[in-house]
There are 2 protein chains.
Amino acid sequence: MCHISNEMALVKNKKTKDGAEKKIVDAARKLFTEKGYDAVKTRDIAKEAGINLALLNYYFRSKENLFEIIMKENMGRFMEVITGIVNNEETSLEKKIEMLVANYIEILSVNPDMPLFVISNAKIDDHRMKLREKFLGSYFMKQIQQAMKAGKIADINPASLMLNIVGLTIFPFVARRMFQSSNGLTHEAFNELMQERKKMIPKWIEAMLKVK
Amino acid sequence: MCHISNEMALVKNKKTKDGAEKKIVDAARKLFTEKGYDAVKTRDIAKEAGINLALLNYYFRSKENLFEIIMKENMGRFMEVITGIVNNEETSLEKKIEMLVANYIEILSVNPDMPLFVISNAKIDDHRMKLREKFLGSYFMKQIQQAMKAGKIADINPASLMLNIVGLTIFPFVARRMFQSSNGLTHEAFNELMQERKKMIPKWIEAMLKVK
DNA sequence: TTTTGATTTAAACAAATGATTAAATCAATT
DNA sequence: AATTGATTTAATCATTTGTTTAAATCAAAA
């Protein structure tokens with residue numbers, strides 16, 4: 001009677017005719033990411049998934065539950081990118097910046113609504129603390145402090161540097177709807193613009209790091 | 001019986017004991033800007049304003065009406081800043097960038113939730129198109145194109161330049177809650193950081209504008 | 001004092017919405 | 001064929017929420 005979705009993935013011993021559970025999560029991801037928690041109704045999710053309201057609650061118990069799954073998923077992707085890059089002791093500072101920017105733009109080009117979703121949904125709290133920690137406690141930050149001491153780059157507040165890298169990369173996606181609306185950019189033109197920025201942002205950051 | 005709030009401000013011939021209308025708008029501004037449209041209930045607004053639900057609807061007819069007023073107010077402030085600076089034919093390119101950054105940070109330090117509010121509430125449409133137009137059709141843009149032709153600054157996509165200026169300035173406010181949560185920055189430390197950025201962002205932009 | 005308009009009170013409405021239930025159906029397994 | 005578990009159907013609940021109403025109160029103007 002009482003299903004806990006984590007176990008389901010493993011336990012699911014019988015049919016699950018057409019993977020109803022997956023269809024629900026897919027629909028929830030699409031709608032939540034696009035419209036946010038409040039604007040999405042459980043009935044919308046059921047409809048989008050092509051199943052019915054009862055089954056949604058049968059699997060996931062509640063809307064909040066389902067939302068939590070999507071939120072973890074999204075935050076997880078953000079984390080993966082950072083974790084994989086930021087503590088690699090083999091790569092240079094420049095290479096790390098390049099990789100951070102490229103990886104984020106790559107992911108976000110496919111999931112352009114993700115950043116605004118993560119930022120604007122208050123129900124996170126636990127997850128988001130980690131992101132800051134990951135960044136500021138990383139080998140990447142050590143490299144920066146070393147470079148500053150060695151006089152290779154200008155003194156800069158680590159938080160400000162983080163804001164610059166993340167801001168230049170992610171802000172366009174956050175503000176995307178504002179720029180695209182009405183007479184604005186097409187989806188393709190926007191992606192092109194971001195591909196261009198993928199090359200430029202690391203250069204811009206380097207130039208900024210030389211400013212006294 | 002049927003009040004239209006625009007006229008009210010002029011018509012209001014009698015008492016309005018303690019300015020109930022203003023108290024409602026103030027409460028609405030605070031709550032909407034802080035939590036967004038869906039999360040705020042008309043009952044919350046009435047409570048915050050210290051008046052009752054009936055009066056709210058007596059004055060403003062509907063929640064949407066009230067929201068529209070706040071949205072216009074907020075967008076208006078954004079516009080004022082841009083309009084006042086961007087078409088001034090007396091000031092240099094550098095001065096304009098400096099003023100844009102300084103003015104935005106000044107306003108947003110007092111209204112830190114404004115950007116996320118504007119960006120994340122879909123119900124704008126009409127308003128936001130103007131922002132883009134204001135920017136791209138401005139004397140500011142002409143100056144940039146001239147400077148590019150003259151070889152004084154590197155070639156850059158105008159949209160990208162706009163994203164850089166606005167992004168570096170506004171993104172910290174958009175992402176503010178993510179950075180401040182838990183063990184993060186205090187309100188004061190955040191404002192200090194932004195004061196520092198007020199000086200640095202124009203320098204950073206200049207440095208970026210020299211990158212080939 | 002009467003009148004008038006601002007404000008309150010309390011109640012109610014209708015619609016939307018998250019959640020639950022019980023019985024039916026359907027498809028694969030035994 | 002009988003069983004079992006997944007899924008559907010349809011109905012219902014309880015709550016929240018935007019909005020409205022009607023009658024009362026209150027304070028100033030006439």
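Note that the structure is a prediction, hence the values are computed from the model and not measured. Lettering of chains follows the sequences in order, A, B, ..., and the numbering in each one begins at 1.
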Self-check item: Set of residues satisfying side chain to side chain donor-acceptor pair (under 3.5 Å) with respect to B:Glu73, sequence neighbours excluded
Solution: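 Partners of B:Glu73 under the side chain to side chain donor-acceptor pair (under 3.5 Å) test: B:Arg29.
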
Quiz item: Is NZ or CZ of A:Lys63 both nearer than 6.0 Å to the six-membered ring centre of A:Tyr37 and within 45° of the ring axis?
Solution: yes

Side chain of [X] - closest among [options]:
| X | options | answer |
| --- | --- | --- |
| A:Asn57 | C:dA19, C:dT17, D:dT20 | C:dA19 |
| A:Ser62 | C:dT7, D:dG18, C:dA19 | C:dA19 |
| A:Lys41 | D:dT19, D:dT7, C:dG18 | C:dG18 |
| A:Arg43 | C:dA19, C:dT8, D:dT19 | C:dA19 |

d([atom1], [X]; [atom2], [N]) in whole Å:
| X | N | atom1 | atom2 | value |
| --- | --- | --- | --- | --- |
| A:Ile24 | D:dT7 | CD1 | C1' | 10 Å |
| A:Leu66 | C:dA19 | CG | P | 10 Å |
| A:Glu21 | D:dA6 | CD | P | 10 Å |
| B:Leu53 | C:dC13 | CG | C1' | 13 Å |
| B:Glu64 | D:dT17 | CD | P | 17 Å |
| B:Asp38 | D:dT16 | CG | C1' | 13 Å |
| A:Leu55 | C:dT25 | CG | C1' | 14 Å |
| B:Leu56 | C:dT9 | CG | C1' | 16 Å |

Quiz prompt | Short side-chain N/O contact to D:dA6 OP1/OP2 from A:Tyr58, under 4.0 Å | solution = yes

Exercise. May I ask you to verify if any side-chain N or O of A:Thr42 is less than 4.0 angstrom from the OP1 or OP2 atom of C:dG18?
Key: yes

Practice problem: Report the residue (A:Ala39 or B:Ala54) whose heavy-atom-nearest nucleotide on DNA chain C is the more 5′ of the two. | Solution: B:Ala54

Assess the side chains of [X] and [Y]: does a donor N or O sit below 3.5 Å from an acceptor N or O?
| X | Y | answer |
| --- | --- | --- |
| A:Lys96 | A:Thr91 | yes |
| A:Asn164 | B:Arg197 | yes |
| B:Gln195 | B:Lys198 | yes |

Quiz item: Contacts to DNA chain C from residues 44-52 of chain B, heavy-atom cutoff under 4.0 Å, which residues?
Solution: B:Ile51, B:Asn52

Quiz item: Above 12 or not: heavy atoms from other molecules or residues under 6.0 Å from NZ of A:Lys41?
Solution: yes

Quiz item: Does the pair B:Val174 and A:Leu116 meet the rule for a side chain to side chain contact (heavy atoms under 4.5 Å, CB included), with working shown?
Solution: CA-CA 9 Å; B:Val174 175; A:Leu116 187 52; 5.7 Å; no

